[in-house]
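For this chain, numbers begin at 1 and follow the sequence in order. Both backbone and side-chain heavy atoms feed into the values below; hydrogens, waters and symmetry mates do not.
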Amino acid sequence: MERPSRLLLVSQLCIRNTAYDVSLSRSLLTWKRLTSSPMYRFRPNMGHSVPLSEIISVRGEEEEGGTKHKDDSSWKKIKDRGGQDSRQAFTVSYVERCRQHRWRCAEVTFTCPDTELCWNWVRSIREQLASISGRPRSLLVYINPYGGKRQGKHIYEHKVAPLFAQAGISTQVIVTEYANHARDHLRTDAELSNFDGVVCVGGDGMFSEIIHGLIWRTQIDSGIDPNCPDEALSPCSLRIGIIPAGSTDCICFATVGTNDPITSALHIILGDSQPLDVSSVHHNNVFLRYSVSLLGYGFYGDVLSDSERKRWMGLARYDISGAKMFLTHHYYEGTVSYLPARGAVGTPRDSSRCRSGCAVCQHNEEIRSDRAVKYEMDEASDCENDGEWRTVRGKFLAINAACMSCACPRSPKGLSPAAHLADGTTDLILVRKCSRFNFLRHLLRHTNKDDQFDLAFVEVHRVVRFRFTPRHCQSDSDLELELLGNSKRQIFSQICRDHPACGCARTYSSWNCDGEILTHAAIDVRVHCRLIKLFARGIEEPQVFEDLHNPCAI
């Protein structure tokens, strides 16, 4: 407990007819049982502390006549079990941590000896809550009524909206009516200055709409051309909240640790902030999309393309398409050029993970901020002879780029377990042509504790930018040089591949960009450090959730 000189209030109050010593400081609300009862005589004097930053709200009681203290509908008549005048009680709602990173709203009701003391406590707690910076007061909410199991509207109205109202947050709710409705509204019609954040209720597709609208709007307002791949984009000022109601909810799982709408709503209420890297994808100096999780060419692109033709099958389409593409075993030829991350701490094969308050993200951000001049992506620096860009040519089963771990309930580790949310890099994973058995070994390691990169045909690099050019897009001179060094069998293989009637492997695949198909195979990808912020704090370490010194909520 803090020193008495730093306490704002100290009183003896009752909880369920048991006396407690209750204290309030600028950082903690603490209550400790004073007298031992027979049922507690073998236990130590138990106490409970709640950080002020994790208190959701406090509500007092209105006088019997209803003529005083009407305060934005937050005062509520409550009678205690003993029939005592409810004017002498107040209730504090706060965050309680549960298993598997879930949060719940817990409550404790204090009974005061007189009304004036009760009001003094309520007023003091509210003053401290009002002094906390970063908590949203007004939110723009987009609901996708068709995503996942079509439960988005129900989830928001029954689980999220009551919590927002309890915390005194005003909302403007828009139920989307067609694809890219939220994106288009954010680009042109939304009065963003009236809100402290944007919330999407849906899956990863809905989140993608939000970031595309918000980032585009920010760049246009800042006079930046989004079509120029060498432009340094301006960070978005508004934070984004995700209420998971989709099929996978990968973004929410990787930044909060669970796909639970109540947990996400509480993160929004507390005003948590988690920076997030965003990759911009261009083709021939034309902007295509933004990506925050997975860019996948080859296997994952083929799975998405095939599953889109089976949407009538529901979520089972991903398993069926995955099995089909695995048996088909397509590989693709091309060239990958990448710019390694310079001076960054950490590698894709680290045992450590990106967690709340990640030291790697903070250190890499400091390094990036200390540099007076960022990477200059001009024609001179693009040359491979300058020692910066590195090139890999070959036949690939999959080319993946992960800005985050891409963890989800099906793959708890994700595609790149050591990837970081806000270090300004992406992990480039190259899976070369191999047997089906070896490729299966690689895929299975996404679900167990084995190192998925410890295979001869897999290489991974932490990069800040990369380009991919499929073989059919290379110049004729490059093809001629390659053919001169190949055997007759390979030459005839190339001729055969130019004839679709032969049924051979396809020449090129498509990109899976956060669950959306990119038909352009040749792309230029650049990572923009901390371009957006989420209402999240990263995944907390397990010991934060299991504090054995504190009893359960009363």
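- Each of L443, N448, D450, L444 was checked for a side chain to side chain contact (heavy atoms under 4.5 Å, CB included) with H446, and the lone residue meeting it is L443.
- Side-chain atoms of N438 never come within 3.5 Å of backbone atoms of S435 as a donor-acceptor pair (strictly under, hydrogens ignored).
- Of all heavy-atom pairs spanning N400 and Y297, the tightest one is OD1-N, 4.1 Å.
- When atom types are taken as modelled, the side chain of Q219 and the backbone of S234 share a donor-acceptor pair closer than 3.5 angstrom.
- In this structure, D427 and S416 approach most closely via the heavy-atom pair OD2-OG, 2.6 Å.
- More than 12 non-hydrogen atoms from other residues, nucleotides or ligands lie less than 6.0 angstrom from NZ of K413.
- Between the side chain of D524 and the main chain of R467, no donor-acceptor pair closer than 3.5 Å is present.
- Of the N and O atoms on the side chains of R309 and S321, not one donor lies less than 3.5 Å from an acceptor on the other residue.
- Each of V460, V336, V392 was evaluated against L428; a single residue qualifies, V336, per the side chain to side chain contact (heavy atoms under 4.5 Å, CB included) test.
- The environment of CZ in F437 is sparse: at most 12 heavy-atom neighbours from other residues, nucleotides or ligands sit within 6.0 Å.
- Shortest non-hydrogen contact noted between D454 and R349 is CB-NH2, 3.4 Å.
- The side-chain heavy atoms of R217 and I220, taken from C-beta on, include no pair separated by under 4.5 Å.
- Looking at heavy atoms from C-beta onward, C361 lies in side-chain contact with C354 at the 4.5 angstrom threshold.
- Residues W389 and L339 form a side-chain contact, since some pair of their non-hydrogen atoms from C-beta on lies under 4.5 Å apart.
- The two atoms that bring P261 and K159 nearest to each other are CG-CD, 4.1 Å, heavy atoms only.
- Cation-pi geometry between R289 and W511 is not satisfied (NZ or CZ under 6.0 Å from the ring centre, within 45° of the ring normal).
- By the 4.5 Å heavy-atom criterion applied to side chains, H282 and R526 are not counted as neighbours.
- Between H420 and C358 the shortest side-chain heavy-atom distance falls below 4.5 Å.
- Between F195 and L139, the shortest heavy-atom distance links the atoms CD2-C, 3.5 Å.
- If you check the side chains of D350 and T347, you find a donor sitting under 3.5 Å from an acceptor.
- A donor-acceptor pair shorter than 3.5 Å cannot be found between the side chains of H101 and T263.
- Counting heavy atoms from C-beta on, the side chains of S264 and P244 come closer than 4.5 Å.
- Aromatic ring centroids of F299 and F439 lie under 6.0 Å apart.
- In this structure, a donor-acceptor pair under 3.5 Å is present between the side chains of S305 and S510.
- Residue Y146 places its OH atom among 12 or fewer non-hydrogen atoms of other residues, nucleotides or ligands, all under 6.0 Å distant.
- Between the side chains of D423 and T425, a donor-acceptor pair is found at a separation under 3.5 Å.
- Side-chain atoms of C252 and N259, non-hydrogen and from C-beta on, do get closer than 4.5 Å to each other.
- Remark: side-chain polar atoms of R353 are paired, donor with acceptor, to backbone N or O of S351 under 3.5 angstrom.
- Contact record, A422 with C529: O-SG, 4.1 Å, taken as the closest heavy-atom pair.
- At most 12 non-hydrogen atoms from other residues, nucleotides or ligands lie less than 6.0 angstrom from CZ of R150.
- A donor-acceptor contact shorter than 3.5 Å links the side chain of D514 to the backbone of L294.
- A 4.5 Å side-chain heavy-atom check between E231 and P226 finds every atom pair outside the cut-off.
- Under the 6.0 Å cut-off for aromatic ring centres, Y290 and H212 qualify, their centroids lying closer than that.
- The distance from the CG atom of L186 to the CD atom of E209 is 9.0 Å, given to the nearest 0.5 Å.
- Ring centers of Y142 and H185: under 6.0 Å apart, within the cut-off.
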